[in-house]
Each structure stands twice: as C-alpha cells, then as structure tokens.
Amino acid sequence: MGINYIYPEFEVVRNDARCIRCRVCERQCSNQVHQYDKDLDLMISDESKCVNCKRCVSLCPTRALKVVKSDCLLRENANWSNDNINEVYKQAGSGGVLLSSMGNPKPFPVYWDKILINASQVTNPSIDPLREPMETKVFLGKKGSDIKHDENGKLITKLPPQLELSMPVMFSAMSYGSISYNAHESLARAATALGICYNTGEGGLHEDFYCYGPNTVVQVASGRFGVFKDYLEAGAAVEIKIGQGAKPGIGGHLPGTKIVGDISRTRMIPEGSDAISPAPHHDIYSIEDLRQLVFSLKEATEYKKPVIVKVAAVHNIAAIASGIARSGADIIAIDGYRGGTGAAPTRIRDNVGIPIELALASVDKRLRDEGIRNDVSLVVGGSIRSSSDVVKAIALGADACYIATAALLALGCHLCRTCHTGLCNWGIATQKPELVKRLNPDIGSERLINLMNAWRHEIKELMGGMGINSIEALRGNRLMLRGVGLNEKELEILGISHAGE
Amino acid sequence: MKRVFVNEKWCLGCHLCEYNCAFANSGETNMAKALKNVKIRPRIRVEEDGDAITFAVSCRHCSDPICIRSCISGALSRDETGTVCIDHDKCVGCRTCILVCPYGAISEDENGVIQKCELCVKNAAGSPACVAGCPNRAIIFEER
Ligand code: SF4
Ligand code: SF4
Ligand code: SF4
Ligand code: SF4
C-alpha cells in the first residue's frame, strides 16, 4: 500500500437485483475475486485480483455480472500513459523485469487492415464455390524448378517430401507445459479431423498423442526437450525453432514448479528442474551450422519428412530467409511481432520484431529475385485473425499460415494476457488439474473444426469472387491486392498498388 | 429411451445444473425473479468430495424402478417413453420412495409431497435444462 499502491485495473460490477447467490462466480474464479458473505448474505468481490478473463461473466446464469475497465485513472497525459506510469511503480517496487503473455497489444499498424482484395466484374467471370469445385489443398516442401527425365525419357515425378494440408492453415507451436493436456488433445484431434497439422511446440510429445503423428509437426528448439528418435519419427514434419515473434532473440523459461508428472516425463527432464531454452541454439552460429542440423534431422528421419525452420520476423528477414532456403530446409516459417506467447518480457514483446505482412512480402520477393522461391515453402504467422488475413497472406506470397491465438480463442481464451500466472480460468494455459478439466476436448476439438470449416468456406468465397479456383493460383498473386492509406514506401515493400490504381 | 448420463471427468462442480433445474421447474420466465432469495430445491444434486471428484446425480429412470414398486399410493409411474413421473395429487408424502431410491434422486418439495426429475417433459424447457446449461458436457442426454 502507500507509495506502492496501484488502483485495480478492472471493476467487477454486480447487479444485485439479478444476483441469486448461486456462487458460480466464486467457484469459477481461480483468482479468488468473488466471495459469499454469509452474515451479509452478499456476494463481495476483491477486484484487485481480477484479470478480466470473463469466466465469471460468461457463466453467471442471470447475467448479473460485468467486468469493466476502472475509471479511477491518473491525471491524463498524452506522453505518460497510465500504463507507463504504473509499470514504473511496479518496477520501482519489485526491481524485476515485467512479464506479459499473448501478442503485442500496442497500437502499431495492422497492414492486413490496410489491404483490400479484388473481385471480378464483367470482364472476367467470378466462380460460385457452391456450384463449382474449388481447391484449397496445399503441399508444403521443395518443388522442382525444372522438368527432369530419366534415361528412357520418362518424366521424373518424384518430389522431395511434402506436407499435405487440406487448407492453407496449421495450428502453430504451443508446448505441452505452456498449454494444458486438454488443449493439446483438442488441437491434435481437430488437426486430424481437418487434414491439417498442429505443432508440439518445444515441450516434446505426450505419449498419448503419438497416434496423431501424421497430423503433427514436431519441434526441435534450443532446449531440445523430449527430442529422441521416436519423437522425430512420429511427426509429419520436423520444425527447428530458431525464434518466435513474441520474443525474438530470447529463450524460454518454464519454472521448475510447473515441471511435474507428465510434463517432466514428456520433456525428459527431472521433476522440479527449470526448463530453460537458451536464447540461441548452442550449435548454430551460422547458416552452415543450421545446414548441419537440418541434415542431421533429415538423416534421422531418412529424408522422408520435410524440415521447417521457424524464425521471428526481424529487420534483415529477407537475407535470413535466403540463408535458410540455402541451408536445405524445405519450409520456412516466419513469425511476426504480434505473435502470441505463454510468457515474455513485456519490453521485448512490445518493442522487438517487425510486422509479418512486411516480412512476408520482402522474403517472397527476395527468394523470387534469387530464383530460389521454389526451393522452399513459406508459412507465416503472428496474428492471422481471420480467413481474409489468410487470403491476403497467400496473395502476398505465403504457401500457408500458422494460427495460434485464433485457435486458443476458439477453445475459450478471452485474451486476458495472464497466461504466465498459470491460473487460466479457461483450462488452457494452466496445469492445475481442477482448471485443466474445464476444457473438455470433445467441445474444444469441435469448436476448432467449426472455425476452420468456416474459414475454408470464406476462403473459397473470396477466391471465387476473384475468379480463382485454387489456392495455388492465388499464391503470390499480388495484383489481387490494393493498399489503402499506405505511403509509397509501404506499398513498395508490400509490392502492391494503391486502391484506385 | 434417452436418459441423462454423467461424465464425472468433466464435471466442474459449478452447480449450474442445480440452478437451471430449479429455474426450469419454477414456472417463471426470469431466473432472477424465480430464484432470488429462494433456497433452491433442485432435482439434480452435485455430489462432491473436495476437489477430488464432483458429479451431478438425478433420477436414472431405471427400467425396473424400485421407487414405483415401493410407492404405497400409486403416485409414481412410468409414462409411455419410460420417464418415471410423479402425480403430486396422489402422493401422500410418506417418503418411502426417498428411502428406497439407491441414487438419492427423490426429495421433498415445498408442499410436503415429493419431487423428482421428470426430464423436464412437464415444464417449459421440454428437455433437460440441466444438460442444456452444463458448460462442459459433464451431463449428456442421450440414448445408450
Ligand atoms: S454467478 Fe451471478 S448470480 Fe451467481 S452468485 Fe455470482 S453474480 Fe450472483
Ligand atoms: S479474474 Fe476472471 S473469473 Fe475472476 S473476477 Fe475477473 S473476470 Fe471474473
Ligand atoms: S490462455 Fe487463458 S490465461 Fe492466457 S490469455 Fe487466454 S484466457 Fe487468459
Ligand atoms: S452444470 Fe455440469 S459441470 Fe456444473 S456441476 Fe452440473 S454437471 Fe457439473
């Protein structure tokens, strides 16, 4: 209190005319905000603990509750915002690094929202996706650039290993440990039913989920947790994680208190030991080193699986991607600065990296200019929010998109951005059994399947409108895009014209 | 017949089923009006053992219901679908059925006679309100 006191950010407003004292809010809030007072026969709340996850609001049967932003603010100041000031107070009290979760919430430009999609009128026919076939299937991996024949003049049709997806979307890496068993099961089951892939993240693969292997991307990150022969062989593709959009250049740290039971077994580290992912891979200091790891993994999987290299979108991303393409990787995944995370230092999350739209456009252009675009597929992530973001990404040059935040929202996440506390009220970013059970994978996988099917329909509709009947024909088709309210430089980097041109 | 089955693995112990039950059987259209300042008498009850296990119990609509056999006034019967129903006018409040039901699914109502789950067939909900309101599919209404 006193000098350290920060007025609570949210207010819990209870309409007492509606409250029936069912105590559902009290039972459901893992932050212990609500409490029933027997003597007063009243529900009371301690809003200082509220993180605005809306669990209580969603479950209150009489809609007696709302959680709103507090209006008890410091004196208005365009330079020193409330957040700036409160963060100084917090650090003056704690002496520590600030932690945050999920993606960068700052008001940086969202280029997807400044790009518009074309449609056919008069001179070229649009296509009705309900009446005519539309192809949303994609294959990720190296494609041959030229046609080759064998000694008998027969066409050589054998391609390097490909990852087949029924639509150009995958669930991106979220480790078992950062998210719950039930969240993983939901993702794995949905990916299998949809014919797409989910990604283990860096925490290894729980033994129960090996059966979903054909729809799993197994990740090898700097901590190498849970990596062994069976793991590599279980997946449909292997991903080397160099970086992540939410925290480029930063490693990871899952505290020992969370390394219990199955998580310790799956990560293959002792219970109670901190799971530390170093910032760099200690065996990768150059593209040549990366090439060694790419080929070690190919060797270990008998050249049957594509190898993905995932990097965060940073300033020299085009040159970096060119190096990765030359390292022998089959797929490059780029994660923009708005990508989510289970925990990151706030300053890194909010200030490091670049927008995925610009990174994608410059990487695609660079790889084309160098004649190596067909050597790799490009997957982009870092806040793909809707099917139109997917369509814009494909038209800018991506082969597929990675989504994670959108998938978590489908599972119930309300973006309260306090995953790092481990008390997720929606059973996602937690390992507490009583919270994990709140996410029933029957419901979770169903909702993910619904979301993806809805997006697939919308993608087909948008493509049909442009008169395009396959994703392949949309990829890199920047003529289908126009910018609004963008300056010359932005248009130049995105490689698109301004609306009206 | 379709019955309410329990999937205790997913039960959160939130007790919403009890409130949805009480509301469905209140005859009111507004939950706050129906349940404010009322000590509810739900026909489904959440059993709990700390955080270890919680599950909701209501009438199993047994195929050979011991409650019907024990009823001294013929107030309990199975309707054409198999739902075990209570005729409040015939019930004399002797509580024999309460004693014999192995699931503890019968209780006393506010008028001194008994009440039990009738799968919401007689109220405005039409099908089990507890199931419809369960946030985690810990109870399901299905044919098995
Ligand atoms: S959940 Fe709603 S009705 Fe129930 S006690 Fe809380 S505020 Fe009151
Ligand atoms: S933390 Fe979530 S559940 Fe708890 S009071 Fe706030 S919004 Fe409600
Ligand atoms: S996963 Fe859970 S803790 Fe994290 S932002 Fe979503 S609701 Fe909040
Ligand atoms: S509503 Fe569902 S989850 Fe809640 S106590 Fe009843 S059965 Fe359990």
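In what follows, every heavy atom counts, from backbone to side chain, and hydrogens, waters and symmetry copies are set aside. Here is the naming used below: chain letters follow the sequence lines, and residue numbers restart at 1 for every chain.
Salt-bridge annotation for B:R137 and A:E446: present, with a side-chain N of the basic residue lying under 4.0 Å from a carboxylate O of the acidic one.
No more than 12 heavy atoms of other residues, nucleotides or ligands lie within 6.0 Å of NZ in B:K9, so this atom counts as exposed by the packing criterion. Within a 6.0 Å sphere centred on CD of A:Q32, other residues, nucleotides and ligands contribute 12 heavy atoms or fewer. Shown here is A:R385, whose CZ atom has more than 12 heavy atoms of other residues, nucleotides or ligands within 6.0 Å. Within a 6.0 Å radius of NE2 in A:H206, more than 12 heavy atoms belonging to other residues, nucleotides or ligands are found. Heavy atoms from other residues, nucleotides or ligands lying under 6.0 Å from OH of B:Y103 number 12 at most.
Looking at every heavy atom in both residues, A:R55 comes nearest to B:L12 through NH2-CD1, 3.4 Å. Minimum interatomic distance between A:D41 and B:N37 (heavy atoms only, all atoms of both residues): OD2-OD1, 4.4 Å. The two atoms that bring A:L59 and B:P135 nearest to each other are CD2-CG, 4.0 Å, heavy atoms only. Of all heavy-atom pairs spanning A:P441 and B:W10, the tightest one is CD-CH2, 3.2 Å.
A:T62 is not listed as a side-chain neighbour of B:F23, based on a closest heavy-atom distance of 4.5 Å or more. Using a 4.5 Å cut-off on side-chain heavy atoms (C-beta onward), A:Q28 and B:C14 make contact. The side-chain heavy atoms of A:K437 and B:T54, taken from C-beta on, include a pair separated by under 4.5 Å. Side-chain contact check for A:R18 versus B:K36: every heavy-atom pair is 4.5 Å or farther apart.
Neither the backbone nor the side chain of B:K33 comes within contact range of chain A, judged by heavy atoms closer than 4.5 Å. Only the backbone of A:L439 comes within contact range of chain B, with at least one heavy atom under 4.5 Å from a heavy atom of that chain. Both the backbone and the side chain of A:D16 come within less than 4.5 Å of a heavy atom in chain B. Contacts between A:D442 and chain B at a heavy-atom distance below 4.5 Å involve backbone atoms as well as side-chain atoms. Contacts of A:A17 with chain B are made by backbone atoms alone, with heavy-atom separations under 4.5 Å and no side-chain atom involved.
Contact tally against chain B (heavy-atom pairs below 4.5 Å) for A:C19, A:A64, A:G427, A:S58: the top residue is A:C19.
Summarising the geometry, atom CD1 belonging to A:I20 is positioned 7.5 Å from atom CD1 belonging to B:I40; distances are rounded to the nearest 0.5 Å.
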